[in-house]
Engineer: 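Please read through the structure below; I'll follow up with questions.
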Amino acid sequence: MMVTSTLYMVLQVVIGVVLAQADAASLSKSWENVAYHRTVDVSRTYTQERIDLHIKNIDNKAIEEYYFVLPEGIFENIALFSAQLKRADAFLESAIIPQQTFVANGEHVKVAVVKMPTSVEPGSSTDIAITLVYGSHRQPYSGSVEMGERQLLHLSTNTYPLSAYNTQQYTMSLEGSPSIEVVSNSSDDNFSCRKEGSRLDCESHKAIGPYQKTAPLKIVFERNLPSSRVSFLAREVWVSHWASTMQFEESYDLVNDAAPLKGGFSRAEYMKGQHAMKQHGHLTALEMVLPSDSEEHYFTDLVGAVSTFRVLQDHIFLKPRFPIFGGWKYNFTIGWTNGLSQFLHIEDVDTESFVLSVPILNGPADTYYSKMNLSVYLPEGSEVLDVWCPLPVVSTEVTASKSYFDLNNGHTKVTFELNNMVDTVSTSKVFVRYKFSTFSFYRKPISIAASIFISLMAFFFLKQITFTIEN
Ligand SMILES: *[C@@H]1O[C@H](CO)[C@@H](O)[C@H](O)[C@H]1NC(C)=O
Ligand SMILES: *[C@@H]1O[C@H](CO)[C@@H](O)[C@H](O)[C@H]1NC(C)=O
Ligand SMILES: *[C@@H]1O[C@H](CO)[C@@H](O)[C@H](O)[C@H]1NC(C)=O
Ligand SMILES: *[C@@H]1O[C@H](CO)[C@@H](O)[C@H](O)[C@H]1NC(C)=O
């Protein structure tokens with residue numbers, strides 16, 4: 001929150017006031033990108049990009065902020081954004097200002113402010129790395145596939161970097177597939193690509209100006225895996241001090257964005273080719289990692305019937321009743337219960353305040369989430385003091401929610417509304433600080449006492465957790 005607001009002010013100063021739209025030319029051109037290298041990784045169902053920048057201050061005054069420009073199409077689907085100082089391997093304060101759109105060369109762009117730890121003197125240079133993770137629309141290349149046929153996907157990206165600054169040297173690598181090819185048909189002799197094993201290495205033979213108009217680079221790559229996207233996840237967490245439990249219930253609206261089957265599904269062909277055993281675009285099972293020592297698991301699908309699942313240590317394996325082919329949808333609900341002490345920390349015994357740390361996700365690996373609501377139901381009579389979420393939220397709402405068993409006002413409900421998430425944020429947690437009076441519950445002193453140590457550890461590891469997300 002603090003970070004965002006200081007950087008927000010930086011941008012306000014730069015452009016005078018925050019307008020709905022501003023000319024990108026109003027941003028200073030104090031830097032030069034001496035070298036700009038993009039690595040685009042297509043191995044997952046979403047796109048991961050790393051941008052390594054060697055930048056030089058070409059102004060006559062010391063500067064602290066670097067403006068990183070993002071095409072609006074990427075911003076709308078962005079899940080993670082981070083900036084690192086390469087020399088120190090440290091994270092840099094950075095923020096994208098969502099309300100502010102810039103216009104550059106007739107196109108809408110968003111600007112992220114990246115703040116250096118100290119100002120950079122004129123003529124000096126430094127190295128930073130930007131990481132972007134975003135949902136990308138990949139079309140099946142030939143529209144549909146035969147059962148078991150190699151799956152080719154089509155992806156369009158920028159040929160040239162969109163930058164606020166001049167770029168002297170630009171290179172790009174595309175990786176993460178056994179086969180990647182360029183299919184765009186541009187007659188641009190200033191840009192070329194060559195194969196380097198399974199990787200594609202591209203470079204510009206000329207320097208590139210700020211916001212240079214860019215023809216899309218169209219690539220086709222092989223990916224014989226399902227593309228799981230959760231169009232909506234309702235994740236509910238029920239806190240009971242009385243039972244000393246935390247109950248989870250999640251409802252997934254899942255869709256497989258892989259290539260659809262040519263001519264539809266034939267069970268006979270599916271059985272004959274033993275396709276269930278082969279890794280391909282269809283989804284036959286879902287594996288999730290649950291918080292340790294979970295109990296009372298259940299798994300139901302749309303008609304409410306109980307479906308097959310297995311729990312092995314902290315892993316739950318769900319088996320849908322039919323394989324989910326490209327374009328198919330699957331709605332299901334899973335639930336489980338954990339001990340409250342794993343998540344609850346008593347902040348102050350006298351003021352009866354608590355801190356609850358709730359894991360953000362437990363869903364399957366390699367999955368993109370378009371929308372999610374994480375709702376935490378606190379015991380009746382709780383007063384929310386503070387909430388904190390490490391990811392950008394669309395909204396946070398505190399309401400009273402009455403259920404059948406509530407006598408008075410009902411449970412206090414905190415809802416975090418989130419867009420554009422990826423499975424790798426599952427190690428992150430939201431924190432809810434609240435007050436809950438002794439008079440409103442029978443305390444279970446032993447189980448709660450044990451929580452202090454565990455939850456403090458969670459705080460302690462938070463910084464480290466962020467590192468593993470980025471790597
Ligand atoms: C590629 O460009 C050439 C000449 O500009 C044109 O004849 C050809 O049809 C184009 N191919 C595709 C696939 O767009
Ligand atoms: C290639 O670069 C030259 C010099 O910078 C420029 O004049 C020309 O328009 C560029 N070609 C294309 C296709 O962009
Ligand atoms: C899944 O649920 C959503 C809304 O919750 C609904 O619009 C959709 O039709 C459902 N899909 C299936 C396959 O039942
Ligand atoms: C998600 O939560 C927001 C905020 O509480 C609410 O307005 C919205 O209706 C919820 N969406 C669904 C599908 O429940």
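One-based numbering, in listed order, for ligands and for the atoms of each.
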Engineer: Taking only heavy atoms of Asn331, which atoms of ligand 3 are found under 4.0 Å from at least one of them?
Structural biologist: 1 (C), 2 (O), 3 (C), 8 (C), 10 (C), 11 (N), 12 (C), 14 (O)
Engineer: Closer than 4.0 Å to some heavy atom of Thr415 - which atoms of ligand 4 meet that?
Structural biologist: 2 (O), 5 (O)
Engineer: May I ask you to check if ligand 4 and Asn373 share an N or O to N or O distance below 3.5 Å?
Structural biologist: yes
Engineer: Provide, to 0.1 Å, the distance between atom 4 (C) of ligand 3 and the closest protein heavy atom, together with that atom's residue and name.
Structural biologist: Asp253 OD2, 3.5 Å
Engineer: Is the closest side-chain donor-acceptor distance between Asn256 and Arg229 under 3.5 Å?
Structural biologist: no
Engineer: How about Asn57 and Tyr66: does a side-chain donor come under 3.5 Å of a side-chain acceptor?
Structural biologist: no
Engineer: Are a donor atom and an acceptor atom from the side chains of Arg321 and Thr308 found within less than 3.5 Å of each other?
Structural biologist: no
Engineer: His241 and Ser244: side-chain donor and acceptor closer than 3.5 Å?
Structural biologist: no
Engineer: Can you find a protein heavy atom closer to atom 7 (O) of ligand 4 than 4.0 Å?
Structural biologist: no
Engineer: Taking the six-membered ring for Trp, is the centroid-to-centroid distance between Tyr36 and His54 below 6.0 Å?
Structural biologist: no
Engineer: Are any of the protein's heavy atoms under 4.0 angstrom from atom 11 (N) of ligand 4, yes or no?
Structural biologist: yes
Engineer: Are side-chain N/O atoms of Trp336 and Asn338 paired as donor and acceptor at under 3.5 Å?
Structural biologist: yes
Engineer: Specify the protein heavy atom at minimum distance from atom 13 (C) of ligand 2: its residue, its atom name, and the distance to 0.1 Å.
Structural biologist: Asp188 OD1, 3.6 Å
Engineer: Would you mind running through ligand 4 and noting each atom that sits below 4.0 Å from a heavy atom of Glu397?
Structural biologist: 4 (C), 5 (O)
Engineer: Which of the numbered atoms in ligand 4 are under 4.0 angstrom from any heavy atom belonging to Phe232?
Structural biologist: 12 (C), 13 (C)
Engineer: Taking the six-membered ring for Trp, are the ring centroids of Phe317 and Phe309 within less than 6.0 Å of each other?
Structural biologist: no
Engineer: Salt bridge check, Asp41 against Arg50: does any charged N sit closer than 4.0 Å to a carboxylate O?
Structural biologist: no
Engineer: Would you mind running through ligand 4 and noting each atom that sits below 4.0 Å from a heavy atom of Glu417?
Structural biologist: 3 (C), 4 (C)
Engineer: Considering heavy atoms of the protein only, find what lies nearest to atom 5 (O) of ligand 2 and give residue, atom and distance to 0.1 Å.
Structural biologist: Lys206 CD, 3.6 Å
Engineer: One pair to check against salt bridge (Lys or Arg N to Asp or Glu O under 4.0 Å): Asp366 and Arg223. What are the steps and the verdict?
Structural biologist: CA-CA 13 Å; Asp366 195 15; Arg223 189 172 190 274; 2.6 Å; yes
Engineer: Geometry only, no angles: is Lys329 polar-contacting ligand 3 at N/O separations under 3.5 Å?
Structural biologist: no
Engineer: Looking only at protein heavy atoms, which one is nearest to atom 9 (O) of ligand 2, and what is the separation?
Structural biologist: Asn190 ND2, 4.7 Å
